[in-house]
Structure formats: C-alpha cells, structure tokens
Number of protein chains: 2
Amino acid sequence: MVTIKDVAKLAGVSISTVSRVINNSKPVSPEVRKKVLKVIEETGYRPNDIARTLVTKKSYLIGVIVTNLANSYVAEMVRGIEEVGKMYNYDILLCSTYGDKSTELKYIQLLNRKQVEGIIFISDKLNEEVKEQVDAFKIPFLYLSRHSIEEKYPTVTIDNNLASYEMTQYLINLGHKKVAYLTDSEEPTNLEQLKINGYKKAIEENEIEKELIYYANGRKNEEGYAAAKEILKENEDVTAIFCSNDELAIGVINYLRDKDIKVPDEISVAGYGDLRMATIIRPQITTVKEPFYDMGAVAIRMIIKEIAGEKVKEKRVNLPFHIEKRDSCKKIK
Amino acid sequence: MVTIKDVAKLAGVSISTVSRVINNSKPVSPEVRKKVLKVIEETGYRPNDIARTLVTKKSYLIGVIVTNLANSYVAEMVRGIEEVGKMYNYDILLCSTYGDKSTELKYIQLLNRKQVEGIIFISDKLNEEVKEQVDAFKIPFLYLSRHSIEEKYPTVTIDNNLASYEMTQYLINLGHKKVAYLTDSEEPTNLEQLKINGYKKAIEENEIEKELIYYANGRKNEEGYAAAKEILKENEDVTAIFCSNDELAIGVINYLRDKDIKVPDEISVAGYGDLRMATIIRPQITTVKEPFYDMGAVAIRMIIKEIAGEKVKEKRVNLPFHIEKRDSCKKIK
DNA sequence: TTGAAAGCGTTACCAG
DNA sequence: CTGGTAACGCTTTCAA
C-alpha cells in the first residue's frame with residue numbers, strides 16, 4: 001500500500017505538504033499542489049482513515065445495534081440511519097442482538113473498542129445493565145423503539161396516543177359501534193398502554209357502550225389469527241377490529257378469510273405501522289403509518305448534532321403520522 | 001479515555017507487559033498478570049482497536065455494499081453475513097447504493113480508506129467500472145446476486161436451472177398441461193435465462209405441446225398483476241403460472257382474486273425465492289426456497305477464509321434449494 | 001519474564 | 001507557504 005510518505009517522496013515535498021493538499025487544511029502553492037495531486041493520481045494513493053482517526057479522534061463511525069434486521073421496520077430505520085449518516089460522512093457498524101442481553105452488552109463493548117462516536121439502539125426494550133454500560137461509555141446514545149418508551153435517552157417516535165385515538169375515531173365515524181382493540185400482550189408496554197388509552201378515549205368520547213380490548217400472545221400474524229378466533233367467539237357482532245400492529249391485522253384478516261367472513265364488508269380491520277406487506281396483501285390494510293425510515297433519518301441527525309457538540313434541546317422528537325385509509329375498513333351499512 | 005499507558009503506570013509495569021496480558025501473547029508471571037488485570041478492572045480500560053489495527057493491519061472489518069436493504073432478501077443475506085462474521089470477530093460496515101453506479105464507486109473507495117479486509121457486494125448487476133475499482137483495491141471480493149451471474153468473482157447461489165426445472169416438473173406432475181412461465185423482463189439476465197431453460201427443459205421432456213413464456217415489466221407485484229391480465233387474455237386455459245419471483249406471484253394472485261378466479265382451484269400459481277410474504281399471504285405460496293440467510297453466511301465464511309490466506313478452491317458455491325409445497329398450487333381435477 | 005524503543009500512517013504544531 | 005517532528009495508542013522486535 002502506498003502511504004503519504006511515498007507520495008511525499010515521489011513529489012519531492014514533505015509529508016506535511018501532502019497532508020495539506022489532501023485535507024485542504026492550509027494554503028499550498030498551485031504548482032506544488034498540482035505536483036502532489038499528480039503523484040496521488042499516478043500511485044492511486046488513498047489516505048488511511050485508521051491512522052487519521054488515531055490522531056484526530058474522529059472515527060466517523062456510528063454503531064447501530066438492532067434486535068433483528070428481519071423485521072422490515074428495523075431495516076427501514078437502518079436505511080434511514082445509513083442514508084443520512086452518509087450525507088455527514090458517517091458510516092455505520094451494524095450489530096444484531098436477537099434480543100439477547102449478553103449479546104447487547106458484548107456489542108456495546110465492541111463498539112466502544114472500535115471507537116464509534118455514537119450508538120443508536122433499536123429494540124423493544126432497554127435493559128438496566130445495558131443502560132449502565134452505555135452510561136459508562138460516555139458517547140451519545142439514542143434509543144429507537146416501536147414498543148416502549150424510555151425517558152432517559154433521546155428518541156424519535158410519533159404521538160402514539162393520538163394516532164390510536166384518531167384511528168379509533170375514524171372507525172367510529174365510519175359507523176362502527178362495536179370496535180375492538182387487539183393489543184399484543186396481556187402486559188402492555190408503556191407505549192402500548194398509550195395506544196390503548198387513545199382507543200379508550202375515542203370510545204368514551206363517542207359514548208360507545210363499552211370498550212373491547214383483546215390480548216394476543218405476541219405480535220405475529222399467527223397470533224393475530226388465534227386472537228381473531230377468540231374475539232369472534234366472544235363477540236359475534238364486532239364490526240371493526242383495530243390491531244396494534246399490521247402483522248396482527250394480517251393474521252386477523254387471514255382468519256376471517258378462512259371463516260368466509262368478508263373484509264371489509266362484514267368486518268373492518270385496521271392495522272398499525274404500515275409495513276410493506278400492508279399494501280401487498282388484499283385487501284390492502286388501513287393502518288397508521290409510522291415513518292420508520294424518517295425515524296432513522298432524524299435519529300442519526302440528532303446524534304450527529306450531539307457529537308458535534310450542539311446541544312440538542314428536544315430529547316424526544318415526535319414525527320407526524322398518518323392514517324392510511326385503504327381497503328380493509330369501510331362504512332358500515 | 002484511559003490508555004494502555006495509564007494502565008501500565010498504575011500497575012507499575014511497562015506497556016509491553018500490559019499488552020501481553022490483554023493479548024495473552026507472551027508469558028507473564030501470575031502476580032503481574034493479576035495486578036494488571038486489577039488495574040484494568042478498576043479503570044475500565046478497553047483497548048483501542050483503531051490503534052491496534054494501525055500496527056497489526058487487521059481491521060476485522062468487512063464492507064457490505066447492498067442495493068437496498070428494503071428488499072427482504074437483501075436484509076436476510078446481510079443477517080447471515082453479520083451473524084457469522086461476528087463469530088469470527090468480524091464487523092460489518094454497511095453501505096446502500098440504491099443501484100447508483102457512482103455511489104457504488106464512491107463506497108468502494110470509502111471502504112478502501114476505512115481499511116476493510118474484504119467486500120461483499122450484493123446487487124443485481126456488476127458494472128465494469130466497479131470491477132476495475134475493486135480489482136485495483138486488492139482485497140477479497142465476493143459477489144452475491146439473485147439475478148445475475150458473474151464468473152469472475154466468488155459467489156454463492158443455488159442451482160437455478162435445476163430449481164426451475166424441478167418446480168415446472170412438480171407442476172406438470174400435478175396434472176397441469178398449460179404451464180406458463182412469467183419472467184421479469186423481456187431481456188432476461190443470464191441467471192434468469194438459466195431458469196427459463198430449466199422451465200423449457202421440463203416442458204420438452206414431458207412433451208407438453210408448447211411453452212408459454214411471458215414477460216413482466218419488472219419484479220414487483222404491480223407488474224405481476226399487469227402480466228397476469230396479459231396472460232389470461234391470451235391464454236384462457238392456462239392452469240398454472242410459475243413466476244420468476246414471489247412478488248410477481250403475489251401480483252398474479254391478486255389479479256386472479258380480483259377477477260374471482262380461485263387460486264389454486266382454478267389456477268395454480270408458483271413463486272420463486274420464498275420471501276417472508278410467501279407464507280403470510282393467503283393462499284400461502286408454493287415456491288422455490290432460496291436460502292438467503294445461508295447464502296450470506298456461507299459468503300462471509302468464504303471471504304474470511306480468503307482473508308486468512310487459505311486458498312478457496314471453489315469460487316462458485318451452490319447451496320441446496322427446496323421446493324416449498326404450499327397452498328397456491330394443487331392437483332388439477 | 002520483563003522493559004525499551006521502533007514503528008504503524010496520519011495530523012498538527014512550531015519554526016522558518 | 002513549507003518542512004520537521006511530536007504525538008495518537010498500540011504491537012512487536014530486541015536485549016536484558
């Protein structure tokens with residue numbers, strides 16, 4: 001590999017001068033600059049960022065720890081992070097933990113050693129030990145999650161309470177009187193609780209006789225399928241089911257389809273998230289659009305700002321959401 | 001940040017000794033080792049991998065260049081790459097190009113400067129300029145693609161010709177006499193041509209009167225939808241449509257559904273790829289399972305071997321595929 | 001078993 | 001505007 005030294009020698013100048021031309025850090029006479037550039041061109045010299053980092057202390061690396069890239073919303077966030085990171089010359093080091101705590105801890109250490117300048121952590125929950133590690137490793141840290149809220153660290157989300165409220169409202173405006181809400185677990189996360197509250201608020205405001213809250217045993221479509229069965233058994237006359245995420249909604253729709261119950265003619269089903277699948281499946285799902293890509297994009301902007309020393313005043317950023325009205329919900333006849 | 005120097009001073013030993021204990025590279029007396037370890041523990045010292053890389057020339061970094069992480073199969077490959085990479089202490093630096101050539105070139109340069117030890121390139125095609133860049137930058141390079149074949153570089157795929165042949169055979173064995181093949185473009189890639197050939201071979205061997213090859217204008221479900229319309233218009237009596245990828249198949253199924261043609265009762269539809277969606281949608285899609293995760297896993301193993309200096313004898317690795325028999329295809333009555 | 005010192009490829013400061 | 005040199009944090013001879 002050709003180094004700055006080689007270039008200096010070939011160009012007959014000092015390494016300081018070469019450094020100046022590649023960094024444009026100090027004035028260099030036009031002739032010298034040209035000569036140096038020519039040598040660089042000929043030799044194909046490329047500065048070694050590792051050496052540079054060692055002296056400047058800037059690695060231009062951000063660690064991104066995710067649970068699982070197989071979740072399309074995670075991939076979307078990473079896409080946003082990576083794409084805008086690159087705009088600021090930052091690269092990302094990707095680590096998947098599959099939710100394992102010791103792996104999370106291990107990767108934080110790893111990123112520490114690799115000298116990343118910040119960490120974005122995407123996961124459903126934030127373990128106490130992880131927090132400790134992260135605090136000890138004094139670099140900007142940002143937490144991204146669809147499912148839980150963490151006051152301690154900067155984050156970017158949507159107003160989930162409002163989104164849930166608005167979707168419920170939308171369903172009610174469509175004429176539905178029996179609107180069920182299907183959440184993903186009997187022990188809702190703090191964020192899920194917000195959504196439940198949004199639903200309840202709409203139900204109360206419209207003086208719908210009672211709220212119908214059901215609990216699935218997870219967030220996958222299989223669990224949505226099983227939950228739908230449950231709901232229908234107990235409430236033959238529900239006309240709308242609002243699911244706390246799209247996969248659950250797909251499961252519900254699949255169940256109804258197997259039982260020959262037409263969606264949306266007989267029952268409307270709404271989702272949450274707006275995964276790609278929501279538009280591919282038929283009927284296309286009416287859902288709350290969470291701007292995952294943008295969440296990643298904004299997140300990295302925040303962390304880069306923080307790295308740059310700018311005081312970020314808002315730790316908690318709320319992005320706009322949207323009720324995507326598609327085919328799985330319709331006016332009651 | 002605490003450095004090796006600090007540890008040495010606090011422990012009252014030389015930095016050489018500290019280096020020896022953290023690397024277990026040379027014998028160190030038990031007492032000294034213990035003392036050093038204690039200081040490390042107390043100070044929370046973590047070796048700086050950047051400095052280490054500078055001297056050892058080993059960055060333990062692999063660059064992964066992808067077109068778009070939003071394609072779930074790409075995310076799967078990346079998952080495989082990352083997970084087994086970690087087993088060998090390698091980290092990945094992720095770059096998305098969105099298919100832009102100049103971006104690809106830029107990222108190769110970037111990875112060069114960041115001192116990655118190898119590059120895995122996931123994309124539909126490999127540009128000549130990219131090849132040049134990559135050759136100039138003399139590190140192991142591996143190409144992963146669902147859609148094209150590149151003899152020059154190591155890769156890992158499945159036997160696409162055989163897979164296509166077997167799926168067609170399966171359809172014929174189900175009793176179908178009019179089996180159409182839907183490819184994604186009028187100008188098939190070399191890999192797609194292999195699949196077309198596999199289809200043709202099965203048609204010929206079974207003395208089916210004629211092959212029915214249709215061309216979609218892309219690989220998305222919308223294009224599958226449009227193509228299905230075309231197929232039905234020209235061939236009312238097809239009973240099976242084998243699509244060159246799952247998204248196309250979903251489009252076809254959606255079209256048939258809108259036209260009230262029952263899948264699989266009236267027409268069987270097969271896919272290729274086995275994306276997650278293939279099992280989520282109803283009917284679940286009969287498809288060729290391409291082991292994307294494993295392709296990534298094997299790819300990084302190969303590249304790490306090459307980095308280690310082991311001569312990889314097989315440049316082209318074929319992984320097993322599988323015909324996933326699900327609900328979208330059935331015996332003809 | 002230990003320490004001193006050179007060196008990895010840069011940047012940044014200080015002279016000139 | 002240019003060159004010399006220390007320093008970044010570490011590994012790796014070489015001697016002791």
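Labels below follow one simple rule: chain letters A, B, ... track the order of the sequence lines, proteins then strands, and each chain is numbered from 1. These figures come from a predicted structure and were not determined experimentally.
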(message) So, applying side-chain contact (heavy atoms from CB on, under 4.5 Å) with B:Tyr107, which one of B:Leu94, B:Ile65, B:Val64 is it?
(response) B:Ile65

(request) Grab the OH-C1' distance between A:Tyr60 and C:dT10 for me, whole Å please. (result) 14 Å

(request) For the residue pair B:Lys152 and B:Leu126, establish whether any side-chain heavy-atom pair is separated by less than 4.5 Å. (result) no

(request) Starting at the 5' end of nucleotides 6-16 of chain D, put B wherever the base has a protein heavy atom under 4.0 Å, S where only the sugar-phosphate does, and a dash everywhere else. (result) --BBBBBB---

(request) Working to the nearest 0.5 Å, report the span between CD of A:Glu192 and CZ of A:Arg219. (result) 8.0 Å

(message) Any salt bridge linking B:Lys131 with B:Glu128? Criterion: basic side-chain nitrogen under 4.0 Å from a carboxylate oxygen.
(response) yes

(message) Check the phosphate of C:dG3 against B:Thr17, side-chain N and O only, distance under 4.0 Å to OP1 or OP2. Yes or no?
(response) yes

(message) Please report the distance, rounded to the nearest Å, between CZ in B:Arg113 and C1' in C:dT10.
(response) 12 Å

(message) Between the side chains of A:Glu76 and A:Arg79, is the shortest nitrogen-to-carboxylate-oxygen separation below 4.0 Å, so that they form an ion pair?
(response) yes

